[in-house]
Every structure is written in C-alpha cells, then in structure tokens.
Amino acid sequence: MMSMAAIQTAPIAVRTSHVSKRSAPVKANVPFMGGRMPVPQRTVVQGRKALQVNATFSRDMYLSMDESMFGKYMETPEPASLNGIGENVFKGAVADKYLKAVGMTVADMEDHSWVKDVAKADKIAKAVSQWALDHGASSWCHWFQPMASTYRHGQTAMVQNALLSFDSDGKPRFNFSGKQLLQSETDGSSYPNGGMRATHTAAAYLTVDPMSPIFLRGDSFFVPACFVSWKGDALDEKTPLHRAVQSLSKAGTRMFAACGVKVDGLVNNIGLEQELFLIPREAYFKRMDLQLAGRTVMGKNAPRGQEGSDHYMSPINTAGPALNAMKEMQAECFKIGIPLITRHREVAPNQYEFAPLFGDVVGQIDNNLMVMQICEEVAAKHGLVALLAEKPFEGINGSGKHNNWSLSTKCGTQLFNPTALAKNFGKKELLPIVMSCMVAAIDKHGDLMRMSIAAPGNDFRLGGMEAPPAVISTYLGEDMTKFLTEFMNGDVKEYVPKTSSIDLGVDILPTLTAPAEDRNRTSPFPYGGSRFEFRACGSSQNVSLVNTVLNTIVADEFDLFADKVAAGADPIAVAQENLKNHMKVVFNGNGYAESWPAEAAERGLFVIPGQPEAISVFSKPKNIALFEKQKIFSAVECHARQTVLLNAYVGVCEMECLCMIDMINQHVIPSAKKAGFSPDELIGGVKTLKAGLAAVHAEHDEFKQAEVARTLRLEIMKSVRVVCDEMEAIVPQEDWTIGTYKDLLFLDQHMGKSVYSA
C-alpha cells in the first residue's frame with residue numbers, strides 16, 4: 001500500500017447536497033488509487049452527511065478532510081435495468097405501436113413482399129417517420145456498404161436528408177414517402193467499382209433492404225440499403241450476400257428434398273467476435289502511421305510484451321478509461337438492438353474483444369459495421385483510440401474477426417447440431433450427407449475461401465502463430481472424423497457424439513462434461529459442435545464477401561448432390577463418394593507446425609501465402625463459372641471486384657510507405673542528429689523506399705503491381721524499419737518525437753499520467 005505521505009494532493013471542486021445555492025463549491029481531496037477518470041455520481045460518507053460528488057478525480061489525491069475518510073469513498077449503485085435496450089431500432093414492440101397507427105402490423109413488415117407494394121411502403125414510411133420524429137430524428141438516409149471501404153469511417157456510406165417539404169403556401173412540414181423509402185439515386189462512379197462505373201456513366205441506385213431493421217442515431221434514421229449500378233451490377237457488399245443467402249436456401253431445400261425431407265428453406269446465422277486495440281489518444285497523435293495507415297511501420301518493441309500471458313481475460317481495470325469506454329460502447333449498441341453481450345481482454349496489451357449473440361447473416365454484418373463505428377466514436381470520448389486494423393503493432397498479437405457460421409432450416413433445426421437432424425426428421429443419414437457437402441465445398445473451393453480473407457492486414461497475421469496459416473483446411477475433431485470415415489466405408493449409423501466427464505478431484509466441485517470436439521485454434525475453419533468458425537478473417541473486414549463465398553460454395557455442393565440424386569444416384573452413395581474424394585481437406589493436427597504447409601501442398605490443398613495471389617483467384621474460370629451458375633456475380637462483377645481488391649491492396653502499401661518516408665524525414669533523422677548520431681543510413685533508407693515506390697508506380701498490370709507492392713511492404717520497408725528501430729533504441733527518450741510502444745501500450749502500467757487520462 002502507498003503511504004499517505006507518498007500520496008500527492010490536489011484540490012478538486014465537489015458539489016454537495018447540503019451546500020446553499022450561494023455557497024462556493026466545497027474544496028475537497030478525495031482518495032482514488034489510479035488514473036484520472038470521470039465520476040458521474042458518487043457518494044462520500046462523512047459522519048452523518050452524505051456528500052453527492054460530481055467531479056473528475058485525479059491521481060494527485062489526498063484527503064484534506066479527516067483521514068478516517070480513507071476507504072469510505074464508494075460508488076452509489078443503481079439497479080440494473082433493461083430500459084432503453086432496442087429503443088432506437090424499428091422492430092418488434094417498438095415498431096408495433098406505430099404500425100398499428102397506420103393500419104399495419106409487425107407481421108406485415110416482416111413479410112418482405114411489402115417492398116413490391118407502394119401503398120404498403122407509404123404506410124411503413126409514415127410509421128417510421130413518426131417514430132423517428134417522436135425520438136428527435138428529423139433526417140434520414142439510405143445506409144449502404146461500398147466495396148473495399150477499410151479506411152472509411154464506419155465502412156458505410158449515406159446522404160442524410162431532412163424530412164422536410166413545403167406546401168404551396170410555403171409552409172414547411174415533415175414528410176417521408178414510400179417512394180423515398182424504396183429507392184433513391186446516387187453517384188456510382190466515386191466509389192471503388194472496378195470499371196463498372198465512370199464519370200460519364202455514373203448512375204447508381206439504392207433500394208431498401210427489408211431484412212435489416214431501420215435504426216436511428218442522433219437526428220437521423222438509417223435505412224439499410226443495397227447499392228447497384230444503372231446496369232444492375234452490384235456495387236456494394238450487401239447485394240451479393242443477399243444473392244448467396246437466397247441461393248443457399250433454394251439449394252438446401254433441394255438437397256433435403258433429395259433425401260425425402262420437405263423444408264421451406266435454410267437460414268444462415270453467424271456470430272462475429274470483434275477484436276480491437278484501445279490505445280491512449282495523445283500517444284496516437286504522435287504516430288502518423290497509425291493515424292493514416294492504421295498500423296505502425298516502425299517502432300522498437302517495449303521491454304515487456306505478451307510473454308507473461310498476463311493480459312488475456314484478466315480483469316479490465318476499473319480505474320482506467322478502457323472499461324468505461326467499453327461499457328458505453330455496449331450501451332450505444334444496445335440502444336439500436338445490437339446484443340453485444342461479451343467483453344473481455346485479449347492476448348496482447350491493450351487488446352480487447354466484443355462478441356454478440358448469433359443472428360441472421362445480413363443483420364449481423366450490419367450490426368458489426370455499426371459496432372466498429374461506435375467503438376471508434378466512443379473511444380475518442382474517453383481519451384482513447386480504437387484500432388481495428390489487423391496488425392497495428394509488431395511483436396505482439398494482431399486482431400481478427402472470428403466468423404462463426406451455422407445453418408438451420410426455417411423451422412429451426414440446426415444442420416450441424418450432432419443430433420438435431422436425426423431427431424427432428426428421423427433420418428440418421430442426414431448429418432453425414434450435410435457434412436460430406438461441407439467437406440467437398442471446402443476442398444474444392446478453398447481458394448475462394450482464402451480470397452475472401454485477403455485483407456491487406458492479413459499479410460502480417462496468417463501463419464504467424466497467432467492466426468491460422470494461409471492453408472485452407474477444416475478441423476472436425478477425432479470423434480466426427482472417425483464417424484464420417486466409418487460412414488464413408490459403409491457403416492451407416494446415427495452419430496452419437498461422445499462426451500467425457502472431468503472430475504476435478506474435489507468433492508464439493510461439480511463434475512464437468514466435455515464435448516466430443518476439442519478446440520483447435522490453429523485451424524482456419526474448425527467444426528465446433530453446431531457451427532463452423534472461420535478464424536482467419538481480418539478484424540477490419542466487412543465480412544460480407546466471406547459469407548457470400550461460404551454460402552455460394554455450400555449451395556453449389558447442395559445442388560450437385562440434388563442433381564446426382566435426381567439422376568438416379570443413391571443419396572448415401574453420393575455422400576460416401578464426396579467423402580472419399582475430399583476427406584484430404586480434414587486436418588485435426590497443429591496448423592502452426594512448420595511442416596504443415598508442405599504436407600498440405602502434397603495433399604493437393606490450396607496454399608496461397610500472399611494477398612495478391614489470393615485475390616487473383618476471383619477471376620479463375622472455375623470460380624467465375626461457379627458464381628454465374630449460382631447467380632451471385634457475373635463475369636464482369638468478378639473481374640471488377642478483383643480489380644477493386646488489388647487496387648485497395650496497392651493503395652494500403654503506398655500509404656504505409658509514404659508514412660514511413662515522412663516519419664524518417666520529419667522525426668527519425670532530426671532526432672538522430674540532435675542526439676549526435678549519423679543519419680546516413682536513414683537517408684539511404686529513404687532513397688530505397690522511394691525507389692521501391694517508384695517501381696510500384698511503374699508497373700501497370702494490376703496483379704504485377706500488387707506483387708511489387710507486396711515486396712515493398714514485406715521486404716524493403718521491413719529492412720528500413722530495422723534501421724529506424726535501432727536508432728530509437730539509442731536516442732535519448734527526450735529527443736525521440738514519435739510515440740513509442742511503451743507509450744501506446746500498457747494502459748494499466750501508466751495509470752495517472754495525463755496522457756492516459758480519460
């Protein structure tokens with residue numbers, strides 16, 4: 001414990017409930033061990049008086065009152081409440097009141113056919129606008145998702161319009177029509193489009209997405225929308241996802257019918273685990289690279305990293321800004337119906353994670369985009385910055401976004417649940433049939449799965465012992481693998497997953513039940529009992545493309561299965577043949593093992609280390625044929641999206657290189673000179689960087705240009721970084737003008753410093 005003599009004092013104003021209106025604020029020093037933090041309503045017990053405190057406490061504290069007050073500073077708790085949750089999203093009970101006022105019901109709105117009926121759309125528009133006005137919102141927008149928007153705040157786009165019109169006499173009134181709700185026009189040429197739009201052919205249109213609920217923030221309500229060109233080409237992330245969801249539902253219905261089971265369609269549900277860093281804002285402003293490129297292009301590692309595994313799931317410091325920020329982030333999400341129920345620390349210092357409940361894939365991705373935006377906005381209010389990039393810091397773990405992917409029938413039967421299919425439909429062969437289609441899809445289209453996670457930041461994560469390698473395989477667990485192998489060899493039986501009991505050896509502790517599957521964190525796509533988890537997604541990604549690919553490849557396998565059965569094949573024989581041809585993609589071992597990529601290549605699996613190569617599989621003939629067959633992308637859309645992704649990759653590499661050049665010229669060289677060290681090697685490094693960037697600009701083939709940019713990023717910039725980091729190690733701290741890893745990380749160890757105050 002810190003002695004009283006060691007605690008510095010600093011008077012702060014305290015409002016009290018017993019001070020007269022004419023009295024000056026009471027000066028008090030209140031004990032608080034830790035950093036400076038806002039306290040909305042606290043109670044200090046002093047004798048028989050309770051002082052209501054509304055102040056900001058700093059670490060420079062001592063009690064000018066009686067010393068007996070130490071330890072009597074306490075927070076007044078408020079009862080937990082569900083009030084306000086979902087109040088800003090137009091669905092369920094919130095929407096029901098307003099829909100009834102116009103002669104409709106929630107069921108009418110959930111029947112998505114209303115988008116084809118202008119009269120119904122008018123009624124819904126009236127209900128929505130009245131709800132918004134009652135909640136202080138007088139503007140609206142179509143809210144959509146342009147391609148390759150990693151650096152766009154919120155990764156979405158909109159034009160906010162006032163709900164305003166004028167009568168013939170000039171009198172203003174609020175107005176919003178069904179026509180406005182259903183469609184609007186915008187410029188399609190100024191977003192990444194891969195040549196599908198140009199300045200002289202710029203028309204593009206937005207249309208309401210009835211699967212995603214309307215929500216409001218501030219003075220505007222947001223209408224989730226799809227974004228297409230004048231020719232009908234998808235210019236966004238959402239439209240292809242809808243196509244893939246529809247395709248999977250239809251194909252799944254055919255697959256079940258081929259097995260003698262009638263279902264009304266399939267539902268794709270996902271749960272997205274969002275990792276991020278929260279760092280002090282003042283230190284962030286001393287890092288051009290973080291501000292403009294999202295990751296540090298130089299920086300000596302701090303003496304401490306994550307070696308002690310001391311950050312993972314440790315208590316979130318109640319005295320620091322991170323917990324308050326995360327609580328507010330959750331509260332903002334709850335208001336718009338996002339069930340962001342889980343929060344915890346992650347492996348790296350200052351790294352955290354949020355996770356929601358499962359939900360339909362379209363709505364969950366909308367929610368995740370808002371989660372990322374809210375995290376960025378709320379962090380700023382607490383003196384922090386939310387970093388969503390995959391690898392902001394070298395030498396410690398980066399961030400991912402685990403995409404937990406599941407399927408169910410519209411009646412609620414989960415396809416991957418080990419016992420649900422047999423129980424609900426009375427057919428023991430359904431589970432191995434479904435799993436055989438999954439195994440075939442992963443093996444045949446692993447290149448597309450790898451393409452879907454080719455975020456620029458994954459250059460630094462995949463295969464780095466913190467994320468799965470750039471090899472696409474699946475983990476099924478020994479129990480499921482054994483069951484499918486026996487099924488493949490002719491033993492058709494119901495799958496009864498084995499469970500095991502874990503006795504802790506203590507009489508008063510309960511016996512635990514372990515499922516059949518272990519957790520293989522090294523697999524990119526492990527099976528987890530009722531879901532598959534795509535663990536290799538980048539933290540900054542809009543995962544629409546990820547789920548578009550998953551739905552498409554599985555839909556195609558369901559279709560192929562149904563086609564073979566329709567042609568006279570036995571369903572069980574088709575599934576057995578699938579497994580015989582594709583079980584090679586199942587790998588239950590250590591994906592981090594150095595030998596695995598070579599073994600995977602020998603098996604004939606897709607091993608694609610680099611992002612440019614992965615992106616370029618988009619236009620492979622087999623993949624274009626797949627997307628066209630399932631009516632997800634045309635050949636034009638495939639080529640355009642490949643161009644967009646390659647250009648985005650090159651752009652990221654260019655930004656990072658330019659940041660590095662400026663930081664060396666404006667900070668590292670002056671610091672070296674001031675400290676009396678020669679800048680010659682640094683000057684040479686700048687020349688090397690400029691030459692590498694010139695080589696990128698000189699290449700006009702988009703794939704070759706991306707490959708040259710990758711060399712610049714992973715080889716040239718890395719070698720120059722070594723020089724910069726070595727200089728940082730010897731320049732005195734007072735002469736180094738760039739925020740250091742020590743400044744950026746370890747919030748808990750710097751409690752009380754003004755740079756970390758919030």
request  = Ignoring hydrogens and angles, tell me if any N or O in the side chain of Asp264 forms a donor-acceptor pair with the backbone of Lys410 under 3.5 Å.
outcome  = no
task = Sequence neighbours left out, what passes side-chain hydrogen bond (donor to acceptor under 3.5 Å, both in side chains) with Glu390? Give chain and number order.
result = Ser540
query = Would you find a donor on one side and an acceptor on the other, under 3.5 Å apart, between the side chain of Gln183 and the backbone of Tyr205?
reply = no
ask   = Val106 and Gly92: which non-hydrogen atoms are nearest, and at how many Å?
value = CG2-O, 3.3 Å
query = Hey, are the side chains of Val128 and Leu181 touching, using non-hydrogen atoms and a 4.5 Å cut-off?
reply = no
query = For the side chain of Gln145 and the backbone of Asp236, is there at least one donor-acceptor N/O pair under 3.5 Å apart?
reply = no
query = Side chains of Ile365 and Ile270: closer than 4.5 Å at any heavy-atom pair?
reply = yes
remark   = With Ser399 as partner, the option from Glu353, Gln351, Glu275, Lys391 fulfilling side chain to side chain donor-acceptor pair (under 3.5 Å) is Gln351
ask   = Hey, which of Tyr284, Tyr352, Phe393 is the one that makes ring pair (Phe, Tyr, Trp, His ring centres under 6.0 Å) with Phe277?
value = Phe393
request  = Indicate yes or no: at least one non-hydrogen side-chain atom of Asp360 is less than 4.5 angstrom from one of Asn269.
outcome  = yes
note = Exactly one of Phe176, Trp143, Phe215 clears ring pair (Phe, Tyr, Trp, His ring centres under 6.0 Å) with Phe221, and that residue is Phe176
ask   = Between Lys286 and Asp743, does at least one N-O distance fall below 4.0 Å, as a salt bridge requires?
value = no
message = Any non-hydrogen side-chain atom of Gln630 less than 4.5 Å from a side-chain atom of Asn551?
response = no
ask   = Is there side-chain contact between Asn317 and Leu747, with heavy atoms separated by less than 4.5 Å?
value = no
query = Are Glu332 and Lys381 within salt-bridge range, i.e. N to O under 4.0 Å?
reply = no
inquiry  = Strictly by side-chain hydrogen bond (donor to acceptor under 3.5 Å, both in side chains), give each pair with a member in residues 113-127 just once, sequence neighbours left out.
reply    = Asp111-Ser113
ask   = Is the closest basic N to carboxylate O distance between Asp233 and Arg197 below 4.0 Å?
value = no
key: Glu637 side chain near Phe627 side chain, heavy-atom distance below 4.5 Å   = no
task = May I ask you to decide if Gln541's main-chain N or O and Lys401's side chain share a donor-acceptor pair within less than 3.5 Å?
result = yes
